[in-house]
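By convention here, the first residue in the shown sequence is residue 1.
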Amino acid sequence: MDAPAQTAATGLGAPVERREGREKVTGTARYAAEQPAAGRAHAWPVPASIARGRVTGIDTAAALDVPGVLAVLTHENAPKLSEPEDPTLAVLRDSRVPHRGWFVALVVGETLEAARAGAAAVRVDYAVEDHDVTLTATHPAAYAPEQANDGYPGTRERGDPESVFASAEFRVDVDYRVPPLHNHPMEPHATTAEWHDDRLTVHTSTQGSTVVRTVLADLFGLPEDHVTVLAEHVGGGFGSKGTPRPDVVLAAMAARHTGRPVTLALPRRSMPAVVGHRAPTLHRLRLAAHPDGRLTSLIHEVTTHTSRIKEFVEQAAVPARVMYAAPDSRTTHRVAPLDVPTPSWMRAPGEAPGMYALESAMDELAAELDMDPVELRIVNEPDTEPDSGKPFSSRHLVECLREGARRFDWAERDPRPRSRAEGPLLVGSGVAAATYPVLVHSSTAAARAMPDGTFLVRINATDIGTGARTVLTQIAADALAVPVARVRTEVGSSDLPAASLAGGSSGTASWGWAVHEACARLAERLAEGPPLPVEGIEVRADTAGRADADSPFARHAFGAHFAEVTVDTVTGETRVRRLLGVYAAGHILNARTARSQFVGGMTMGLGMALTEGSTMDAAFGDFTESDLAAYHVPTHADVPDIEAHWIDEVDTRLNPMGSKGIGEIGIVGTAAAIGNAVFHATGVRLRELPLTPDRVLSGLRAGGSSQRLQGR
């Protein structure tokens, strides 16, 4: 089950240790803000203190008088750049303030302390305009977008779901609410920028340096080969570093203005406003079923927000198009433009909030039917993908559910809510399914054979802490039929062969395809037998037009999540005792790094369920949880016994490695499984995340009336 097939000579599938592990634990791995730069200056941003309006004046005199301050950049004196395609990068361009926290100035100092003190001394006057930051399901400005994130149609409908639902014998009609969530990688968004004449070099914390190079070249009017973007080590991203952020533009501006290298590491308090967030989503789920549990109608309606400067629509209704065999269905999105920061990608965008709502509603339907929730999901297993009608390249969700139930001792569970207590603690268990699409993008890789019998693989992949460089080395060694010790892999530089960004769980599948192909071709060349020249021989492979081609098969990873919780009836505290996940995600290429990714996703899902959430202050237009003292991510004390298992699929319709992405599916079903376990423990259904003690206590005190107070 958990011992993937492997070859001793190559280690493909084996739990190979991270190639960069020693560098990280000894502190020799340098991140963006740690790069050596002679004469380095530091920058500190000045965020807007209003929610909407424009700057009418900036007094920089006091800031310039601070010892060590070199310059203060504003829209009046900042280098003028080309109009960015992404409006969130139009910083210091004009006087407008589209949301609170928008950067209105940048102070550059000899030291970080000088820059920070200078920023505190800048005085800004504003013309304030009325703002609206409050999302409601009936917001008058909400509209139906043509597309949601990643190009999915905003609305899909099959049959007559309304009339089928109205006439059904068994049905649920429920609302769920997921709050704004924020990416908080350990390494903040940071850049060190340096100019040499008309050439720009930046070390930046990004999930895709190829994209950053293209954006910077366009903004500064440079040929792309005059821009080098380096990101050898990245301390996490979770989607927030998937596109260039203001730090890289501002650092390059400041370096050009001062003629010195400049480092800008965003203060954590600034991150909620300028690097994206998971938009809040309001869900209405309507499910109808026959007495045997087979769905007859599925309606999932989502309302979310976006900023006024850029449309981003969280595709939270899309997973419902994949999961279950409902002959009549409708999935829709509505989005309201508000005076809020622009939302963006956060681990499993769409799937994480969408599957929380869908899998919670499935649990409610199981209770309505008096049916085991595992069996309800199995009964509704589709033969083909419901949305497209395509056959699945592989789909082993039923096996995941069965294996998870076996490992979790699900059969021993008393299905009655509130049936198990340990003193003041109520104990419950829950289940949820998970899905994530298989995404593969074109990339280029180069493989070189050296006379000493070693090999060098070069590709502009980005390792954001996932172990990507290690897995790519294993893929190369497998294709070359040599031990991994003889292969060295270079990643994280825009001067390397171009590659797609690390996002959408697509990295290994995309980069690995190119690496496999380059190494396979190199092996063929070597088999021809000519002696190697001193510089070795190199082969390149480009998967453009093949890796991202439309497939006749529906390609998805699937999983099943099980959770056991305790709920304290005195304090309202929910603790997760045990989390178990079983995944069907293609061929697992490295057992060690895969387990780490699954467990990391599940831990993040635990935070989504119990502790994480941002509150929008309607009066000030600000997210009140602006640091890790207020935005509560799980700590070691919160993380219980977590098990990650998998079914090693054989799927030849994916890529040469037979792999699917695993970085995000671990979060997808976790919050729903925990929420369903809380219901089983208490008999009270809570439909708004996170499940904080105050909400749990309110539900317990209200008892049965909570059904009326908290949902349809």
Side-chain angles (χ1 to χ4, degrees), residues 20 23-24 27-45 68-71 73 78-79 81 89 91-92 103 106-116 118-119 185-217 219-220 222 224 226-237 240-241 243-268 270-271 274-275 460 462-465 490-496:
E20 81 286 8
E23 295 174 73
K24 287 184 173 178
T28 58
R30 293 189 183 275
Y31 292 81
E34 302 173 323
Q35 300 299 322
R40 177 209 313 269
H42 294 266
W44 195 272
V69 168
L70 300 172
L73 297 182
L81 310 182
L89 299 180
V91 286
L92 306 189
F103 293 148
L106 183 75
V107 178
V108 186
E110 294 280 2
T111 64
L112 179 64
E113 293 77 11
R116 184 170 55 197
M186 185 67 73
E187 179 197 21
H189 296 65
T191 299
T192 298
E194 185 171 4
W195 289 85
H196 296 281
D197 298 324
D198 63 344
R199 293 181 178 271
L200 172 63
T201 300
V202 298
H203 294 264
T204 190
S205 189
T206 179
Q207 292 173 225
S209 56
T210 298
V211 176
V212 175
R213 180 183 64 177
T214 298
V215 169
L216 289 176
L219 285 174
F220 287 91
L222 299 171
E224 286 199 9
H226 282 209
V227 180
T228 298
V229 180
L230 302 161
E232 184 179 3
H233 298 288
V234 177
S240 68
K241 297 174 183 175
T243 61
R245 296 302 185 185
D247 61 287
V248 72
V249 178
L250 290 172
M253 273 187 181
R256 170 171 276 188
H257 184 81
T258 61
R260 295 173 59 169
V262 172
T263 293
L264 170 57
L266 291 186
R268 192 163 294 277
S270 291
M271 287 168 55
V274 298
V275 300
N460 190 22
T462 309
D463 193 332
I464 56 175
E490 290 183 359
V491 300
S493 169
S494 63
D495 289 342
L496 297 172

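- Distance OG1/T210 to CG/N460: 3.5 Å, rounded to 0.5 Å.
- Between the side chain of S270 and the main chain of L266, no donor-acceptor pair closer than 3.5 Å is present.
- You'll find the side chain of P185 reaches within 4.5 Å of the side chain of M271, heavy atoms only.
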Item to complete: Carefully, step by step, assess V249 and L81 under the rule side chain to side chain contact (heavy atoms under 4.5 Å, CB included).
Response: CA-CA 10 Å; V249 178; L81 310 182; 3.8 Å; yes
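- Judged purely by atom type and a 3.5 angstrom limit, T111 uses its side chain to pair as donor or acceptor with the backbone of A114.
- A distance of 8.0 Å separates CG in L200 from OG1 in T228, rounded to the nearest 0.5 Å.
- Atom NE2 in H42 sits 5.5 Å away from atom OG1 in T263 (nearest 0.5 Å).
- Under the 3.5 Å distance criterion, the side-chain polar atoms of W195 are matched with a main-chain donor or acceptor of A252.
- In summary, the side chains of E224 and T214 do present a donor paired with an acceptor at a separation below 3.5 Å, with no hydrogens or angles considered.
- The backbone N or O of A32 sits less than 3.5 Å from a side-chain atom of T192, completing a donor-acceptor pair.
- At distances below 3.5 Å, at least one donor-acceptor pair connects side-chain atoms of H189 with backbone N or O atoms of S240.
- At least one side-chain heavy atom of P246 sits less than 4.5 Å from a side-chain heavy atom of L89.
- For the pair V491/T462, no side-chain contact is recorded, criterion being any heavy-atom separation below 4.5 Å from C-beta on.
- Take E187 and apply the salt bridge (Lys or Arg N to Asp or Glu O under 4.0 Å) test, not counting sequence neighbours, and it matches K241.
- A 4.5 Å side-chain heavy-atom check between V69 and V108 finds every atom pair outside the cut-off.
- Contact between F103 and L250 at its shortest, heavy atoms only, is CD1-CD1, 3.6 Å.
- T206 is not listed as a side-chain neighbour of V248, based on a closest heavy-atom distance of 4.5 Å or more.
- The two residues P244 and V211 make their nearest non-hydrogen contact at CD-CG1, 4.0 Å.
- When atom types are taken as modelled, the side chain of T204 and the backbone of L230 share no donor-acceptor pair closer than 3.5 angstrom.
- Judged as a salt bridge (Lys or Arg N to Asp or Glu O under 4.0 Å), and not counting sequence neighbours, R245 has no contacts.
- A distance of 8.0 Å separates OG in S205 from CG in D247, rounded to the nearest 0.5 Å.
- Of the possible polar contacts, one joining the D463 side chain to the G465 backbone as a donor-acceptor pair under 3.5 Å is found.
- Without hydrogens or angle criteria, R268 side chain to M186 main chain gives a donor-acceptor distance under 3.5 Å.
- For E110, the salt bridge (Lys or Arg N to Asp or Glu O under 4.0 Å) criterion is met by R260, not counting sequence neighbours.
- When side chains are defined from C-beta on, P45 counts as touching L264, because their heavy atoms get closer than 4.5 Å.
- The shortest side-chain heavy-atom distance between E232 and Y31 does not fall under the 4.5 Å cut-off.
- The structure places OG of S209 at 11.5 Å from NE2 of H203, a figure rounded to the nearest 0.5 Å.
- Side-chain atoms of L496 and S493, non-hydrogen and from C-beta on, do get closer than 4.5 Å to each other.
- Here the closest non-hydrogen pair linking T258 and A71 is CG2-CB, 4.4 Å.
- Salt bridge absent: R30 and E34 never bring a charged side-chain N and a carboxylate O closer than 4.0 Å.
- Atom CG of residue L222 and atom CZ of residue R213 lie 12.0 Å apart, to the nearest 0.5 angstrom.
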Worksheet item: So H257 and L73, side chain to side chain contact (heavy atoms under 4.5 Å, CB included) or not? Walk me through it.
Response: CA-CA 9 Å; H257 184 81; L73 297 182; 3.5 Å; yes
